[in-house]
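In this chain, residues are counted from 1 in sequence order. Quick caveat: nothing in here was measured; it's all calculated off a predicted structure.
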Amino acid sequence: MEVVLADTLLSRCGDRAALLRALSAPLSAERAEALRLLLQRLAAGGPAAAGEAETLRRAAWEVALERCRPLLRGGEGAAAAGSAERLRAARGALRHCVQLCGAPLAARLARDALAELAAGGGAGAQEAAVEALVAAAPRLEEPELLSRCAAAALALLREEGRGRGGGGAGGRAAAAGAGRERGGAAARLGGAAGLGRRGAGRAGAAGAERPGGRAAACGGLTERDGLCRKRARYLLKRALDLSGGQRAELRCAPDEPTLFWWSAEKNEELLQFWETYILIMETLEGNQVGALRMFESENKTLTKEGILHFLELYETKRLPNSFVFSEFVIGPLMDALSESSLYSRAPGQSIGACPPLGMRLQKFLATYLTLLPEEEKGSFLLKFIQKMTSRHWCAVPILFLSMALASIPACKVLGAEGLHALRDVLQCTMITHQILLRGAAQCYLLQTTMHLTDVEKVSFPEVSSFLLSLRPEESLRRDTLLWTELCSWLQVNDRCFRKSVTFDFEHQETSSLCQYVRSLVGEYLKTPASERENCFMPDWFEAKLVSTMILLAADVEQMKNKCSGKSNIEWIELEAFLNPLLDVLMKLGSNAYIPTLKADKSLQLLLKLLQTRWLKCSNVGDLDRCDLYLALIPEIMNLCLKVNLKKVSPIKNFLSSLIHASIRNLQERNSEKLKDQIRKVASMASLAAVCEVMDGELKVHLESMPSVDALKKFISFSQFNEVLNKPSYLEEKNSLCEEKASQGWGKIVARYVRDQWICLRFVLNSFATLAQGCEETSVMSLSTAERSKEILQSALEALSVLPSDQVSPVFDCMKVLVPKLLDSSEALCIEAFDLAWKIISSLSNTQLIFWANLKAFVQFIFDTEVLAVAASAKGQAYTKIKEIIFKLIDLSTTKTGVFNVVLSHCCQSWIFPTLDERSALTNAFLNAGNYSELITEACVFGTVFRKDQRHIQDVHVFIENLGEKCAANVVTESTNRDDHFVRICAVKFLCLLDGSNILHKTFMEDIFIKLLDKDELVSRSRTRYYANSLQHRIKNRVWQTLLVLLPKLNQNFLCGTLDRVFQAGFSNNQASVKYFIEWIVILTLHKYPQFLDKFWDCFCYDEEKLKKSICTFLSVLAHFDIILQNTSEKKPALKKALIVVLQWCFSHNFSVRLYALIALKKIWGMCRMLHVEEFEALTPVIESSLQQVENMHGTGNARRNWQRIQDHFFFATFHPVEDYSLETIFYILPRLSELAEDEWISLSRFDRFTDIPLPAAFQWCHSRTELRELKPSDWAQQDMGSHLAEADSQTEWTDVQKKIIPWKNSSPSLDLEMTFQDRAAKLGKSNSRLIVVASLIDKPTNLGGLCRTSEIFGASALVVGSLHYIQDKQFQHLSVSAEQWLPLVEVKPSQLVDYLQQKKTEGYTIIGVEQTAKSFDLTEYCFPEKSLLLLGNEHEGIPANLIHHLDVCVEIPQQGIIRSLNVHVSGALLIWEYTRQQVIKQKQQQ
């Protein structure tokens, strides 16, 4: 309306110049706006008459210089109402005046502005000068003046960059107000952009003479305001165009360093670099990411890609050496590296390989440290390590960061502060529950210490304090390479360590390890007079430190002796270290005046030395001295046995004395004094230690000792679960010490009760062998049923009162007692089962004590005799044991490794029974048949783990593959807790069975039937069955096991079960399951060709049943030559096969025809070799058909699919007989059928599991080399209904969860689309091959417009996310009934991956409308006939997980600043371009 009024006023005004002058005095806000509008219409009105034009120019000149310029100069500080609107109108009027007057006014304004800028002045004057330059820039013609203006604009930008704090011109302008700050920055960049446009058409213009345009853009790119950043990017593009076009040599002044420069020699490289840079900035600016900080993105895939590319900088060998860069590494980069999921394997990497991020992190850190100046390495590393202590790290990130530190080349950069920081990192590693990863991180941190520590800056006390933070049961132990490496490091650097202020080594500047250790031992055993009567136990920390350093120093000295040729000198230094300790120990029994503290310390040190020496690291309580004595007793006994192993006589004397003294102490009257109670506890512990020795290797030599009989007699008549009263300390002189010393009495009593059961276990185990020859002995009292029942009741009582970590010997006793009582006291035995299970289930979250107790529990419940007696009665105990089996399996799904313990024990005891186990009823293997559910469940065991769980398992395998290189593998107990080992154990067990053994034969047949039942159960289940689902995996495992059993089954059994195998082939199976079924059928028919009649019956079912399974049976016929190898009469079978196959060569389904043709080719080749005369009449037809298939031409995928199916491994390389091996069954075939990686079981895993060995004569291990070297085929077409679920394979780098859906609920059926196509054909419309996919669009208006456009240009279909949009009024308003004439198909966003894959198999090219780094320009792209156009979401575009399913991305070229079009407009442009190209092609063909 305003424009209409302005044009009307100008058309009716006789003197336009007078009108302008009248409006400009005085210039209020309303008048200024009216003046701006009139000037705009005059400038746009075209040329006027000569006289009038000159008058208008004079009037415009006056308005510009006398009204607008003064207003802009003085109006900045005005506070009058409407001042902002008046200034805005004045700026616009000034620009239009320049348009009317041209170059003269532009030059006048530019000179005035340059003079004002040179003279300085306030913020208002500067802003007015900037506005004048912005208005004049488009009309300037003088090159010299244009260059001066450009230089001034760039100087302003640089001044504002330096004066952000308010000191410069830009800073003063910013201080005027928030709104003015944006206006100033935007105006400056706008002026620079205008100058850039002006200079683009002039050679040698400003902006091309110096790199200032790029420097200005650099400042603008960091502005908070989005408009400023856009103008800066525009300016940068202009500068690049000029620099690249002119091939200029542009360098910055020495006092103005900047990233931007230009060289003619590197013109193309610089253009490519800056174009990529601008693309990245525009991508980050848009909504595709949502933030400029890539490392903080919620999209972990994006974060991982960003970090990987950043770490690739190490390849340049030119990493920035700046404070900002190092702060970025220590700050945002390390924050991003704390995410565990980033350390996942790349697609195609084998399980156990080092993840890409781990490898690049090592290389980056090593390279960066190498390039840093020597004086900066230490400070950077210290900050890096301190950052590792500043937050809670998960096990995986702390492991790979430690590996990266350990990979840095050796350099002496860390001092005492760095050593303390590394010790703090060690404390961080202790938080995680992943013991192996925790231990590995400790190993790498110790290696870091050895590589990077400057030994001249650290002392031995500091090093020893750090070493004490390492756990010997997880990392640093004497039998590891890490210990040897540490000793070597100490040897090389001996006498180089800084002298400690604590120890005075004869005033030397450095110290040696031996000197330090001697002083350490001496200081440790010193007892100040003030503490001699201290009743409190000393800290264990000192004893552990001294013992560790003694052994290290001894090993270092031994290493020195070997290097110097003195290897015959044995442990001289060790004797010197231990002499002070020996002096104290020798006086303990004779000198009553040795201080208690000194005695305690010496015993503590002795205990720690013994534990470390024998590589045993038990958890010793420090609650009371009694615990110290109890811990020392078994260690001293072990020491005596190892020293005098060949001298039995001294051992007998020692044990006899110990037994008699202990029994005497235990038989004394029960006193409540503390010293008497401790004597009893120590005596019982001594007897328990003797019993454990007697159960060991010296049992044969020591059984005949009279003292042993006395021990058995004493134990057999003792009262079980006898407890000691709490000590009475009322009569003692120092009651405070006594009370303090008895605080842990409950734990001591529990140990006392446990030791009783250890002794009883020894007696019960001995009773079985002594009963026959010692009929008169008192031990026989234990054989009575009443006595056994009494002991079992006592055992239940013990389970109720003992701590969970003390119950193992009770389980061992129950194992002996329960078989004797199952018949007479079944209820009591079941109570024992329940109570034992209750204890184990309650411990499932306790890592340290669970596994030892579980092992004892399994040995009790699954003892051969317990199982045999329960199975023979088939009573409640038998049912209870089976119930416990399934409870253990359920527990194993949440706590990996439980089933492994159970199965390993059972398989070993059933297949390799010990002498005691063989007496269980008749045969230990009978238990396998009675509890066959255990093996059946083991064959299919394995859960589908979450992604984070699989990730932890991958890292575990990676560490395990390092072997002895990582000490944690040696120190940490090898548990075989991987789920794979359950199936490996079951398979090895089955491989050991002998088909000629009647028990083995019956058991295998039972397992075969139960596995077939399980397969049928899964097939009937309504649970979703999709690729790599749990149901798919279970079926796959079933058929793998059946394939292992197949060679051991006889003809009669197979005759009765083969029909069930065929029926399984009729089910809707995934590809891997199909291959196993087909393989079993082929091997069965190969071995027993007489079953061919049963096989031919499979082709006689109705078409409805066969259409889902016929490809399975046709695949069998493709190996017909192998089937007929053992048949003398081949011609009748070939005749029947040819008749069957020819029928299916004419099937309506394309996939079926392909399978039939591949079978026909095989069978016909056999017929020609055998010269079957009956088929001579068919020869021309069959051979011409096969020749036609081989030479087919034309559009579509028919020829390509024919070639793909012939090259598929199952038909081209796989040999069912020669490739029969464990490796093929469990590794190669799952890999080639694209089963999930965690289902691949390599042969090395079979070798690693040593609990069950394979038979010596077992030959079926390795596959042929040809099959092993194959890669998965791209052939995905299978039977109808299953190929959609199989088509989705993970693309490169996209490590996201696959959204695979069941085939019944998959993307729209082809029949629906055919219906729409038929409808369009009936209407006489052209049916193009363009499909427009708009499933990601959720606005009805955009969908309605696309529907109308697609219908007008004849698209074959429009795909939407939901057909409910059709009912929306906004949709209908824009579509104007187009939905009634255009096929609409519903594909939800979650189904898009499957839909795109389906269309790819149909020959469509998937085209995305998106701006990417590799996208094609729309004007240069040639659309294929079969094109599928995928449009992105209105805000987010096309998601990253879909971009990698596209064949190509196409973008629309644009000239403006706004970076994107409306999605409907973008779609319309591409639809028209496709239509235009197809119309041209049709005209050319005509």
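For Ser1335, the side-chain contact (heavy atoms from CB on, under 4.5 Å) test picks out Val1333, Val1359, Val1387, Leu1392, with sequence neighbours left out. Residues meeting the side chain to side chain donor-acceptor pair (under 3.5 Å) test with Arg88, sequence neighbours left out: none. In terms of the salt bridge (charged side-chain N to carboxylate O under 4.0 Å, His left out) criterion, residue partners of Asp335 (sequence neighbours excluded) are, by chain and number, Lys387, Arg391. Considering only residues two or more places apart in sequence or on other chains, Val1360 meets the side-chain contact (heavy atoms from CB on, under 4.5 Å) condition with Leu1343, Leu1358, Leu1363. Applying the side chain to side chain donor-acceptor pair (under 3.5 Å) criterion to Gln40, with sequence neighbours excluded, gives Arg36.
Taken to the nearest 0.5 Å, the CG atom of Leu308 stands 11.0 Å off from the OG1 atom of Thr303. Here Ile1471 contributes atom CD1 and Ile1352 contributes atom CD1; the two are 10.0 Å apart, rounded to the nearest 0.5 Å. To the nearest 0.5 Å, atoms NZ (Lys1481) and CZ (Arg1476) are separated by 11.0 Å. In this structure, the separation between CZ on Arg1329 and CG on Leu1428 is 13.0 Å, given to the nearest 0.5 Å. For the atom pair NZ of Lys1400 and OH of Tyr1395, the computed distance is 14.0 Å after rounding to the nearest 0.5 Å. The line from CG of Leu1396 to CD of Gln1398 is 10.0 Å long, rounded to the nearest 0.5 Å.
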Stepwise side chain to side chain contact (heavy atoms under 4.5 Å, CB included) test for Lys1388 and Ser1362: CA-CA 7 Å; Lys1388 292 179 172 57; Ser1362 173; over 6 Å; no
How far apart are the C-alpha atoms of Glu1410 and Ser1415, what are their side-chain angles, what is the distance that settles it, and do they pass the side chain to side chain contact (heavy atoms under 4.5 Å, CB included) test? CA-CA 7 Å; Glu1410 187 61 88; Ser1415 54; over 6 Å; no
List the steps and the verdict of side chain to side chain contact (heavy atoms under 4.5 Å, CB included) for Tyr1365 and Asp1338. CA-CA 9 Å; Tyr1365 288 123; Asp1338 51 21; 3.7 Å; yes
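Scanning all heavy atoms of the two residues, the minimum distance from Gly1467 to Leu1429 falls at O-CD2, 4.4 Å. Residue Ala1355 comes nearest to Leu1382 through the heavy atom pair O-CD1, 3.5 Å, listed as atom of the first residue, atom of the second, then distance. Contact record, Pro1383 with Ser1356: CG-O, 3.1 Å, taken as the closest heavy-atom pair. Across Leu1336 and Gly1437, no two heavy atoms sit closer than the pair CD1-O, 4.4 Å. Minimum heavy-atom separation, Phe1371 to Gly1344: CD1-N, 3.4 Å. Taking every heavy atom of both residues into account, Leu1469 and Ile1452 meet most closely at CD1-CD1, 3.7 Å.
Applying the side chain to side chain donor-acceptor pair (under 3.5 Å) test to residues at least two apart or on different chains, the pairs with a partner in residues 1339-1350 are Asn1342-Glu1434, Asn1342-Asn1462, Thr1349-His1464.
Under the 4.5 Å side-chain criterion, counting only non-hydrogen atoms from C-beta, Phe1353 is not in contact with Leu1330. Residues Gln99 and Arg95 are not in side-chain contact: their nearest non-hydrogen atoms beyond the backbone lie 4.5 Å or more apart. Contact check for Ile1331 versus Lys1399: side-chain heavy atoms found under the 4.5 Å cut-off. Counting heavy atoms from C-beta on, the side chains of Glu1351 and Gln1380 never come closer than 4.5 Å. A 4.5 Å side-chain heavy-atom check between Val1393 and His1445 finds at least one atom pair inside the cut-off. The shortest distance between side-chain heavy atoms of Leu1442 and Leu1446 does not fall below 4.5 Å.
One N or O on the side chain of Asp1447 and one on the backbone of Ile1406 form a donor-acceptor pair closer than 3.5 Å. Using modelled atom types, no side-chain atom of Asp1368 and backbone atom of Pro1340 make a donor-acceptor pair closer than 3.5 Å. No side-chain donor-acceptor contact under 3.5 Å links His1032 to the backbone of Gln1070.
The aromatic rings of Tyr1474 and Phe1423 sit perpendicular, their planes meeting at an angle over 60°, well past the 30° parallel limit.
Residues Gln1478 and Gln1482 have side chains that never bring a donor and an acceptor to within less than 3.5 angstrom of each other.
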